[in-house]
Number of protein chains: 2
Amino acid sequence: MSTPERLIESTRELLWERGYVGTSPKAIQQHAGAGQGSMYHHFKGKPDLALTAIRRTAEEMRATAEGVLTGPGTPYDRVEAYLRRERDVLRGCPLGRLTMDPDVIASEELRAPVDETLDWLRERLAGIVEEGREQGQFVPSLDAEEIAATIVATVQGGYVLARASGSPAPFDTAVRGLLSLLRPAR
Amino acid sequence: MSTPERLIESTRELLWERGYVGTSPKAIQQHAGAGQGSMYHHFKGKPDLALTAIRRTAEEMRATAEGVLTGPGTPYDRVEAYLRRERDVLRGCPLGRLTMDPDVIASEELRAPVDETLDWLRERLAGIVEEGREQGQFVPSLDAEEIAATIVATVQGGYVLARASGSPAPFDTAVRGLLSLLRPAR
DNA sequence: GTCTATATGGGGATAGAC
DNA sequence: GTCTATCCCCATATAGAC
């Protein structure tokens, strides 16, 4: 892997693990096995490198979600597949965690990919829920966009509960609860 | 307010705003209008001060939740009151945000109050949901602990969505979605 | 492209005077 | 109790040699 590539990947991992505030250029360099000058040759500085890393993480997350959501089955099945998809629960969401970072929130540029991706995800889910509603699979009184927001929030909040307790269990519990609420009447 | 008191309150605010990693002793001192020596006279160091601050925030959060959950009305009403309670949505949850802090998660001691409080909240909500279920207000097939986890997760995740978008709206949308799923059939 | 040198300020704390 | 001095290391670069 090229040096810039290693720098980007290292930044992605450190941002995931320690956030923006907790990640220093020096730590990135060491993780990437690159020198000081090398990093500043390829990138303008920490914000520049972080922006590149965040954009890539956003794209990847979108692709992963799209992969699951385009699968087979009823709308409920696809929502379930999304919710039950394998995750590194204790590491949390590499994008969602950035919303707790003051420097990310303070920067329009750094926040944008996070915002756009979560927004896209909600719309994508809303479309699926709406589809299910039209097929009579869900109660007609439900609002697809609201349900989509609830789904994404449950996932993001599930990470919080899991990390607080030091165990993935609460994440799964929250997901099971949501699925039981969504489950079409039989 | 006494100096130790001002230091604790300043720490609470800075932890809420910037997290543990993003909060320096110097920033705390300045915010509290206290000198270097003063801070180290009253507290052993940053972790000690943070622990005191986090414990207080945890107690306060528990008291606030208890206040809402002990209110009048049906179980559904009380869950709704909890979900719709006024919040400083864009600031996020002062405890939940700490779960994204690597140094907090790495410390048993700092994580404990966060874990215990969210755990207590889930159990408290589970009791209310179970009550509603026994009264036939909720579908009998629901699992109270699962629903409680979903409720807490929706709130914690709602903060994430709100901060990502820079607006409280997604939080409210997610809450409305959850309430529509919980709403007793009429 | 990568390296080393250098710079300024902050993080986190201890020591001892007042 | 509070203040100032001092410490060492890290954060975040810039400059210029190789």
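Chain identifiers are assigned alphabetically (A, B, ...) following the order of the sequence lines, protein sequences preceding nucleic acid strands; residue numbering begins at 1 within each chain. The structure presented is a predicted model; accordingly, all values stated were derived computationally and were not measured.
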How many Å lie between [atom1] on [X] and [atom2] on [N], as a whole number?
X	N	atom1	atom2	result
Leu14(B)	dG10(C)	CG	C1'	15 Å
Lys26(A)	dT6(C)	NZ	P	16 Å
Ile28(B)	dG10(C)	CD1	C1'	14 Å

| query | Ser2(A) near the nucleic acid: base, sugar-phosphate alone, or nothing, with a heavy-atom cut-off under 4.0 Å? | reply | nothing
| request: Give one of base, sugar-phosphate or nothing for Pro4(B), where a contact means two heavy atoms less than 4.0 Å apart. | output: nothing
| Taking DNA chain C as the partner, which of residues 35-43 of chain B come within under 4.0 angstrom of it by heavy atom? | Gln36(B), Tyr40(B)
| request: Identify whether the distance between the nearest side-chain nitrogen and carboxylate oxygen of Glu17(A) and Arg97(A) falls below 4.0 Å. | output: no
Between [X] and [Y], does any side-chain donor sit less than 3.5 Å from a side-chain acceptor?
X	Y	result
Gln156(B)	Gln156(A)	no
Arg91(B)	Tyr159(B)	no
Ser180(B)	Arg183(B)	no

| message | So if I apply the salt bridge (charged side-chain N to carboxylate O under 4.0 Å, His left out) rule between Arg12(A) and each of Glu5(A), Glu59(A), Glu60(A), which one comes out positive? | response | Glu60(A)
| Around atom CD of Glu145(B), are there more than 12 heavy atoms of other residues, nucleotides or ligands at under 6.0 Å? | no
